[in-house]
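Data block below; observations after.
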Amino acid sequence: MPNLLILGGTTEANALAKSVAEQGIAATYSYAGRVDTPRPQPVPTRVGGFGGAEGLARYIRNHAISHVVDATHPFAAQMSRNAVMACAATATPLAALTRPAWHAEEGDTWQHVPDIASAVDALAGSARRVFLAVGRMHLQDFAAQPQHHYLLRLVDESNAVALPNYEAIVSRGPFTVGEDRALMERHCTQLIVSKNAGGTGARAKLQAARALGLPVLMIDRPTLPQRTEFADVVQVLDWLAHT
Ligand code: 3Y8
Ligand code: NAP
């Protein structure tokens with residue numbers, strides 16, 4: 001019988017946890033511990049780092065993990081790299097549950113940048129009202145462009161925001177187009193900064209931007225090492241049954 005480790009923190013990871021719980025497959029759901037109250041899961045959950053690739057390999061051995069599914073966010077690159085190394089070191093089958101990147105559609109005005117630092121550089125110029133929907137971890141990078149008025153969306157209250165001119169709302173997704181459109185109209189948003197997360201949980205702001213004719217600064221994903229990748233839970237369950 002499999003003993004699955006799900007590296008979680010995303011909508012897709014939650015769907016996988018629900019399916020394996022329904023099928024009675026032994027699994028542990030892992031959070032990094034980034035937010036105060038992570039969503040409860042229908043399988044046993046652990047919170048916190050493993051201690052690098054070596055720590056993850058140790059965890060795999062000590063808990064007799066038979067399969068690892070990396071269902072982390074596409075920007076959780078370090079976790080994904082560690083999973084590839086730890087599973088190679090312990091000869092543990094690894095599959096990623098990913099979501100395809102978003103692509104600009106008819107009516108979209110996107111400027112692609114390769115990473116967060118380039119997004120900061122692209123914000124040079126006169127002050128604008130910017131919806132900075134990239135979370136909390138990299139906010140201080142944007143202090144290099146203090147001229148803008150930033151609308152921030154955070155999972156938890158944060159009083160340590162290093163930006164001089166901002167308004168923060170505390171709200172965790174998944175978000176809806178109606179909510180995001182109303183939010184941007186209320187804030188008189190002129191530009192949206194977004195990670196290319198893919199999936200459905202963060203997409204609403206792009207659809208709202210299209211409806212409002214607003215430009216988007218789209219941060220492309222970091223490159224990840226080669227690994228088996230699936231786009232939906234059914235494929236993962238099939239892989240689990242046959243590996
Ligand atoms: C701790 C665990 C679900 C899953 C919810 C998804 C969708 C909603 C949209 C915007 C973009 C952002 C952020 C975002 C989304 C889902 C999914 C997703 C983006 C939770 C969660 C954890 C985190 C960590 C958090 C980061 C932050 C990023 C907010 C749970 C709610 C901006 C990414 O304060 C912090 O330290 C927050 C850190 C990493 C990125 C950052 O740099 O700040 N996610 N988000 C996970 C852990 O501890 O292991 O409580 O559910 C999960 C979700 N966040 O169906 O309920 O699947 O992507 N998460 C981005 O995409 O840009 C918000 O505001 O439009
Ligand atoms: P990261 O930068 O790739 O990882 C940094 C370190 O955090 C990892 O080396 C690992 O520590 C620990 N870690 C990350 N994910 C973990 C997990 N699921 N379980 C246990 N430890 C984990 O990751 P991140 O970008 O901070 O993302 C952290 C979590 O938030 C992940 O669950 C991810 O799915 C979720 N998330 C991230 C984003 C985003 O924009 N980055 C968006 C939505 C959700 P050790 O080296 O000590 O093991």
Side-chain angles (χ1 to χ4, degrees), residues 5-18 28-41 45-60 65 68-86 96-99 101-102 115-116 119 131-142 150-161 168-177 179-181 183-184 189 192-209 216-222 224-225:
L5 174 63
I6 300 173
L7 300 176
T10 60
T11 302
E12 288 73 17
N14 300 346
L16 175 62
K18 186 168 177 292
T28 302
Y29 190 106
S30 180
Y31 280 119
R34 283 267 178 276
V35 299
D36 295 346
T37 50
R39 176 191 288 268
Q41 295 297 334
T45 299
R46 67 169 296 288
V47 180
F50 295 97
E54 306 69 36
L56 177 54
R58 196 165 39 249
Y59 180 90
I60 288 170
I65 297 295
V68 175
V69 175
D70 176 0
T72 60
H73 189 275
F75 279 72
Q78 190 56 56
M79 185 71 257
S80 294
R81 291 187 191 112
N82 290 355
V84 167
M85 286 190 281
L97 176 55
T98 63
R99 55 262 189 121
W102 294 314
D115 50 36
I116 287 176
F131 180 15
L132 190 55
V134 297
R136 179 186 59 84
M137 291 197 300
H138 300 280
L139 281 187
Q140 72 283 354
D141 301 2
F142 291 88
Y150 290 105
L151 170 64
L152 308 179
R153 176 150 63 185
L154 306 174
V155 178
D156 297 320
E157 287 286 348
S158 173
N159 48 22
V161 175
I169 50 167
V170 178
S171 169
R172 76 170 61 198
F175 305 105
T176 69
V177 183
E179 286 165 2
D180 279 7
R181 177 170 178 159
L183 175 66
M184 292 194 234
T189 297
I192 291 94
V193 182
S194 170
K195 290 178 188 169
N196 198 328
T200 55
R203 188 177 47 193
K205 59 182 176 283
L206 305 180
Q207 293 161 297
V216 173
L217 191 51
M218 183 57 75
I219 305 168
D220 293 334
R221 303 173 165 191
L224 295 177

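Side-chain atoms are counted along with the backbone in the values below, which use heavy atoms only and exclude waters and symmetry mates. When a ligand or atom number is given, it counts from 1 through the structure's own listing order.
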Should you measure from each heavy atom of V134, which atoms of ligand 1 turn up under 4.0 Å away? 32 (C), 40 (C), 41 (C), 42 (O), 43 (O)

Test item, L56 contacting ligand 2 (heavy atom, 4.0 angstrom): no

Residue-level breakdown please: for H73 versus ligand 2, do any non-hydrogen atoms fall below 4.0 Å on the side chain, on the backbone, on both, or on neither? both

So, does G55 sit close enough to ligand 2 that a heavy atom of it is under 4.0 Å from the ligand? no

Is the shortest distance from a heavy atom of R81 to ligand 2 less than 4.0 Å? no

Taking non-hydrogen atoms only, is V134 closer than 4.0 angstrom to ligand 2 via side chain, backbone, both or neither? neither

With a 4.0 Å cut-off on heavy atoms, is G48 in contact with ligand 2? yes

Is the shortest N/O to N/O distance between Q78 and ligand 2 below 3.5 Å? yes

So which of Y31, F75, Y59 gets nearest to atom 41 (N) of ligand 2, if we judge by its closest heavy atom? F75

Nearest non-hydrogen protein atom, atom 10 (C) of ligand 2: M79 SD, 3.9 Å

List every atom of ligand 1 that sits less than 4.0 Å from any heavy atom of G9, numbering the atoms from 1 in the order shown and giving each element. 52 (C), 53 (C)

Provide, to 0.1 Å, the distance between atom 46 (O) of ligand 2 and the closest protein heavy atom, together with that atom's residue and name. G52 N, 3.1 Å

Under 4.0 Å from any heavy atom of H73, which atoms of ligand 1 are there? 33 (C), 58 (O), 60 (C), 61 (O)

Within-cut-off N or O pair, A71 and ligand 2, under 3.5 Å: no

Starting from atom 62 (O) of ligand 1, find the nearest protein heavy-atom neighbour and note its residue, name and distance. K195 CD, 3.4 Å

Regarding atom 32 (O) of ligand 2: of the candidates P38, A32, G8, which has the closest heavy atom? G8

Any non-hydrogen protein atom less than 4.0 Å away from atom 12 (C) of ligand 1: no

Contact bool for atom 18 (C) of ligand 1 (protein heavy atom, d < 4.0 Å): no

Output the list of atoms in ligand 1 that are nearer than 4.0 Å to some heavy atom of A197, sorted by atom number. 61 (O)

Taking only heavy atoms of T10, which atoms of ligand 1 are found under 4.0 Å from at least one of them? 4 (C), 57 (O)

For ligand 1, which atoms, with element, lie under 4.0 Å from some heavy atom of K205? 10 (C), 11 (C), 65 (O)

Which ligand 1 atoms are under 4.0 Å away from a heavy-atom of T11? 3 (C), 4 (C), 6 (C), 7 (C), 55 (O), 57 (O)

Proximal ligand 1 atoms for N14, defined as those under 4.0 Å from one of its heavy atoms: 3 (C), 4 (C), 55 (O), 56 (O)

